[in-house]
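Heads up, the thing below is written out as structure tokens.
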Protein chains: 2
Amino acid sequence: MTDIFFNVKKHSDQQKFFKGMELLYFGYRDFISWPDDVLHELGFGRAHHRILHFVSRSPGLKVAELLKLLNITKQSLSRVLSTLVEKGHIRQDIGVQDRRQRLLYVTEQGQDLLNKITEHQKEHMLKAFETAGSQSVEGFWKVLSALLTDENREELLNQINKDMGA
Amino acid sequence: MTDIFFNVKKHSDQQKFFKGMELLYFGYRDFISWPDDVLHELGFGRAHHRILHFVSRSPGLKVAELLKLLNITKQSLSRVLSTLVEKGHIRQDIGVQDRRQRLLYVTEQGQDLLNKITEHQKEHMLKAFETAGSQSVEGFWKVLSALLTDENREELLNQINKDMGA
DNA sequence: AAAATATGTCAGTCATGTTGACATATTTAA
DNA sequence: TTAAATATGTCAACATGACTGACATATTTT
């Protein structure tokens with residue numbers, strides 16, 4: 001499976017497209033389909049995970065910024081965010097400069113939950129990176145960056161690259 | 001953005017994980033969020049696209065095989081597949097050896113629809129491959145293959161590699 | 001003849017997204 | 001200082017694409 005399968009130059013455009021699309025579909029699916037254990041018990045889904053992740057990644061995130069990252073409407077966000085706040089996983093502070101803003105923070109409890117959720121995914125991804133090798137990981141990142149919409153690219157790459165010293 | 005951003009070895013495990021996860025999330029999202037044009041007008045969604053794709057890719061596919069590929073229940077498949085059959089995009093033939101089976105084929109009309117749907121995605125992906133370069137595409141494929149679940153890998157890679165001469 | 005298999009379907013539910021309309025608090029601008 | 005703009009929240013209705021459980025039909029295997 002190592003020889004011809006991965007030899008890009010021996011593929012037609014159509015073949016490259018199919019292989020890329022299908023691998024992306026199956027790979028993404030297998031990556032995000034974690035064992036339900038932790039989440040389903042608690043009544044949480046992927047939406048909750050995404051919110052916890054981005055808030056944890058950028059403490060003090062404003063609601064508007066979160067909406068832009070997730071690319072959903074505030075009505076959609078509302079339900080999910082509300083339950084996370086009610087159950088004490090996320091805290092909303094009133095903005096200091098602008099008191100209309102709600103600044104979002106993950107609580108200790110929320111961080112514990114997030115860690116439990118990502119535990120498996122982190123293992124999964126790092127194992128895949130190890131298997132594929134650094135050279136391949138670099139290519140993985142480069143292609144995914146190129147797949148971003150032109151309008152999104154700069155902003156998203158900045159977001160992704162943010163606080164990479166932490 | 002080319003220097004340190006893509007230098008895998010200068011990343012901690014945590015940083016690799018975050019970058020991989022976020023790029024995969026955003027990249028996948030930007031790739032599958034096509035312009036609604038074609039589909040929404042016709043009342044079709046992503047589920048229809050997936051079915052059309054896999055049936056087109058493997059003419060004569062059995063329902064059970066399709067279910068396994070999509071990893072959904074037959075009840076879920078039913079609604080979507082039914083409308084595709086009703087509207088003449090997919091044809092169901094009775095199996096020759098086993099008359100219980102329904103063998104699925106994309107009609108000419110269905111292939112036209114599929115082409116319209118994928119037009120944009122194909123451009124998008126091939127452009128990204130071009131930008132990133134063959135070396136990167138190879139890495140992209142290798143990492144995604146490694147992200148497949150161990151139980152799935154062999155079967156899926158065979159599926160993906162199937163009829164690559166077409 | 002009985003059991004297993006491949007498929008289909010009815011009914012109800014859930015998670016996550018959408019629009020549209022409106023409310024409230026706060027900041028900015030005329 | 002009032003009026004407009006902004007940041008957030010919420011109610012209601014709806015769409016899509018999953019799920020479970022139960023049952024039906026045709027066909028093949030034992």
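Protein chains get the first letters and strands the later ones, always in sequence-line order, with residue 1 at the start of each. What's counted below: heavy atoms across the whole structure, side chains too, no hydrogens, waters or symmetry copies.
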Can you measure [X] atom [atom1] to [N] atom [atom2] for me and round it to whole angstrom units?
{"X": "B/Leu67", "N": "C/dA6", "atom1": "CG", "atom2": "P", "value": "11 Å"}
{"X": "A/Lys68", "N": "D/dA7", "atom1": "NZ", "atom2": "C1'", "value": "15 Å"}
{"X": "A/Asp93", "N": "D/dA7", "atom1": "CG", "atom2": "P", "value": "19 Å"}
{"X": "A/Lys62", "N": "D/dT8", "atom1": "NZ", "atom2": "C1'", "value": "14 Å"}
{"X": "B/Leu66", "N": "C/dT7", "atom1": "CG", "atom2": "P", "value": "10 Å"}
{"X": "B/Lys74", "N": "D/dC23", "atom1": "NZ", "atom2": "C1'", "value": "9 Å"}
{"X": "A/Arg102", "N": "C/dT24", "atom1": "CZ", "atom2": "P", "value": "15 Å"}

Compare all side-chain heavy atoms of B/Lys62 with those of B/Leu104 and state whether any distance is below 4.5 angstrom. no
Between [X] and [N], is there a side-chain N or O to OP1/OP2 distance below 4.0 Å?
{"X": "B/Thr73", "N": "D/dC19", "answer": "yes"}
{"X": "B/Arg46", "N": "C/dG17", "answer": "no"}
{"X": "B/Gln75", "N": "D/dG17", "answer": "no"}
{"X": "A/Ser78", "N": "D/dT10", "answer": "yes"}
{"X": "A/Ser76", "N": "C/dT18", "answer": "yes"}
{"X": "B/Arg99", "N": "C/dT5", "answer": "no"}

So which one's nearest nucleotide on DNA chain C is more toward 5', B/Val63 or A/Leu77? B/Val63
Just to be sure I understand the rule, does A/Glu65 reach a base, reach only the sugar-phosphate, or reach nothing, if contact means heavy atoms closer than 4.0 Å? nothing
Testing A/Leu24, A/Leu148, A/Leu144 one by one against B/Phe31 for a side chain to side chain contact (heavy atoms under 4.5 Å, CB included), which residue passes? A/Leu24
Let me know which of A/Leu156, A/Leu157, A/Ile160 forms a side chain to side chain contact (heavy atoms under 4.5 Å, CB included) with B/Glu22. A/Ile160
Report the nucleotide, chosen from D/dT27, C/dT26, C/dG17, that has the shortest atom-to-atom distance to any side-chain atom of A/Asp98. C/dT26
Out of D/dT28, D/dA7, C/dT9, which has the shortest distance to the side chain of B/Arg100? D/dT28
Can A/Glu119 and A/Asn115 be counted as having a side-chain donor-acceptor contact under 3.5 angstrom? no
Less than 6.0 Å separating the ring centroids of B/Phe17 and B/His11? no
